[in-house]
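These numbers come from a predicted model, not from an experiment. Residue numbers start at 1 and run along the sequence shown.
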Amino acid sequence: MPPPSPRLWTPKPGLKRLRRSLTRARPETLAALAEDEIARLRAFWPAFARREQMPPPGRWRVWAFVGGRGAGKTRAGAEWVHGVVHARDGFGPKAGRIALVGETIDQVREVMVEGVSGLRACGFPAERPRFEPSRRRLIWPNGAVAHGFSSEDPEALRGPQFDAAWADETGKWVQAEATWDMLSFSLRLGEHPRVMVTTTPRATPLMRRLLADPDTVVTRSATSANAANLAPGVVRALLARYGGTRLGRQELDGELIDDREGALFSREAIEAARVAAAPALKRIVVAVDPPASHRRGADACGIVAAGIDGEGAVFVLADDSVQGFKPHEWANRAASLYRRLSADALVVEVNQGGDMVAAVIGEVAPDVPVTSVRAVRSKHLRAEPVAALYAQGRVKHAGTFPGLEDELADFGPDGLSSGRSPDRLDALVWAVTHLALKPKAEARVRGL
């Protein structure tokens, strides 16, 4: 039986004993092995694969292995093809006709077939296929055949039929929808046709649909999980430069980062104005959007800090929002952030709890001055002026705040697409409003 929805599969531990014995094997024991024995041992994929690189159980139709750059997606795809060609245990029904579909035909050859982790480099040496470039096909010693196709030419998939397919870098496909449609029609052989998708996700219509489809089992892997097989220090350097950014979350963590249509805030605007650190600031505030309850599943307590410089630019400094905290716990957290940043004010929305909110903070942090604010307009109306400052580049994020940025990019006229309260966003709006959008005193002329 297939795993229940949502079908994000976490493989069970397997082959622990074999892996442990290989790890603990003495050098002289391994040195005593013949070359062909060493070659076969290295080719035994289940002994070295990470758990997420092994096929999920059940009668799935689509397995999407979604990961960051260098996460081992290509190797997993190539080994899966070898597994179904030779009907290995745990890989599913035997397949004799396979489609290999990439962004371009050159990518099929250079990555999927002849790449360092491709089909010609994986599997047991005696079982590897020969490649016929002129016919764009691979032929295994047991008679199985794989044909290469490009997302630039989906019509080439009209006519052939297969019992398995490997679709690589689907997030980059040129004619993505047409190629997937033609591939789906061609998977009509065997007892249970299947397709494995290996890709770094991009927010394309096809990727959104595939990952949301109940017939798709999804496994995920970050680049860091495969650091042992990459150049020394490269993961650390990439994380230092891109960690937490939209690009880093997509290309290193393998997350599908999407902007909601009609969202009030733009990820592009956030990324364009991001800075590594804030300059000297004139004022700093910590804003709190308290939850109505601290029970499990209740709204989060939004706690966001921001400051403003002499030129009127606002810098978001921290997002310490929490969920499930009791009033004295989140009050302590907000007060700690206030002290850590040497802030000038603690701005607290009092719609939920009224005077009780200020009283709780007064009990746990009597030294912290509280500025109470009350919402009289909708969240969307309060957020619009702040979104305008973002669009003008006048609000900058000093660092990365994935949880907050996800709420900003998902906030539309009807709130968040999940239906939950945008607590981080609310706290941000109060902070920016207090710093840059407070009503200014009107100049008046007295009549005599």
Side-chain angles (χ1 to χ4, degrees), residues 244-247 257-289 300 302-321 334 337-338 341-349 351 371-417 421-442:
T245 66
R246 177 179 187 170
L247 186 61
I257 306 299
D258 200 0
D259 276 345
R260 180 183 176 188
E261 186 175 351
L264 194 56
F265 295 82
S266 160
R267 287 191 192 270
E268 283 74 18
I270 295 171
E271 292 292 345
R274 193 186 304 280
V275 296
L281 300 171
K282 290 177 58 179
R283 296 191 66 230
I284 296 174
V285 301
V286 174
V288 181
D289 177 53
I303 305 174
V304 173
I308 190 167
D309 68 5
E311 303 298 321
V314 176
F315 294 82
V316 180
L317 305 173
D319 173 18
D320 275 12
S321 303
L337 180 61
Y338 172 93
L341 297 177
S342 300
D344 302 289
L346 188 66
V347 180
V348 183
E349 181 183 319
N351 288 60
T371 300
S372 299
V373 292
R374 185 177 297 275
V376 295
R377 298 186 299 165
S378 71
K379 296 178 186 294
H380 195 272
L381 285 175
R382 296 200 310 271
E384 281 181 340
V386 176
L389 293 181
Y390 270 85
Q392 296 164 8
R394 293 175 57 192
V395 180
K396 306 174 187 295
H397 287 199
T400 58
F401 312 103
L404 171 61
E405 291 164 17
D406 284 349
E407 281 196 2
L408 294 175
D410 186 47
F411 186 71
D414 55 349
L416 300 179
S417 60
S421 175
D423 308 294
R424 299 170 189 267
L425 180 148
D426 270 349
L428 169 82
V429 167
W430 286 122
V432 176
T433 299
H434 185 83
L435 289 168
L437 296 170
K438 288 174 62 177
K440 295 180 173 59
E442 295 180 5

Using 0.5 Å steps for rounding, measure from the CZ atom of Arg394 to the CZ atom of Phe315. 12.0 Å

Ion pair present between Asp426 and Arg382, side-chain N to carboxylate O less than 4.0 angstrom? yes

Would you confirm whether Asp344, through its side chain, and Ile284, through its main-chain N or O, come within 3.5 Å as a donor-acceptor pair? yes

Please test Leu408 against Leu428 for side chain to side chain contact (heavy atoms under 4.5 Å, CB included), starting from the C-alpha separation and ending with a verdict. CA-CA 10 Å; Leu408 294 175; Leu428 169 82; 3.6 Å; yes

Where is the tightest heavy-atom contact between Val314 and Ala436, given as atom of each residue plus distance? CG2-CB, 3.8 Å

Polar side-chain atom of Arg274 near backbone of Gly399 as donor-acceptor pair, under 3.5 Å: yes

Nearest atoms (heavy-atom pairs only) where His434 meets Ala345: NE2-CB, 4.4 Å

Looking at CG of Leu337 and CG of Leu346, how far apart are the two atoms once the value is rounded to the nearest 0.5 Å? 9.0 Å

For Ala277 and Ala398, work out which heavy atoms get closest and say how close. C-CB, 4.1 Å

So which heavy atom on Ala313 is nearest to which on Lys396, and how close? CB-CE, 4.5 Å

Compare every heavy atom of Arg424 with every heavy atom of Ser321, then report the nearest pair and how far apart it is. OG-CG, 3.4 Å

Report the distance from atom CG of Leu425 to atom CG of Leu404, rounding to the nearest 0.5 Å. 7.0 Å

Below 4.0 angstrom, N of the basic side chain to O of the carboxylate: do Arg267 and Asp406 qualify? yes

Closest heavy-atom pair and its distance - Glu407, Ser421: OE2-O, 4.1 Å

With rounding to the nearest 0.5 Å, note down the distance linking CG in Leu264 to CG in Asp410. 12.0 Å

Can you check side chain to side chain contact (heavy atoms under 4.5 Å, CB included) on Val304 and Phe401, steps first, answer last? CA-CA 10 Å; Val304 173; Phe401 312 103; over 6 Å; no

Within the side chain of Asp320, is there an N or O that forms a donor-acceptor pair under 3.5 Å with the backbone of Ile303? no

Working to the nearest 0.5 Å, report the span between CG of Leu389 and CZ of Phe265. 9.0 Å

Rounded to the nearest 0.5 Å, the CG atom of Leu317 sits from the NE2 atom of His397 at a distance of 10.5 Å

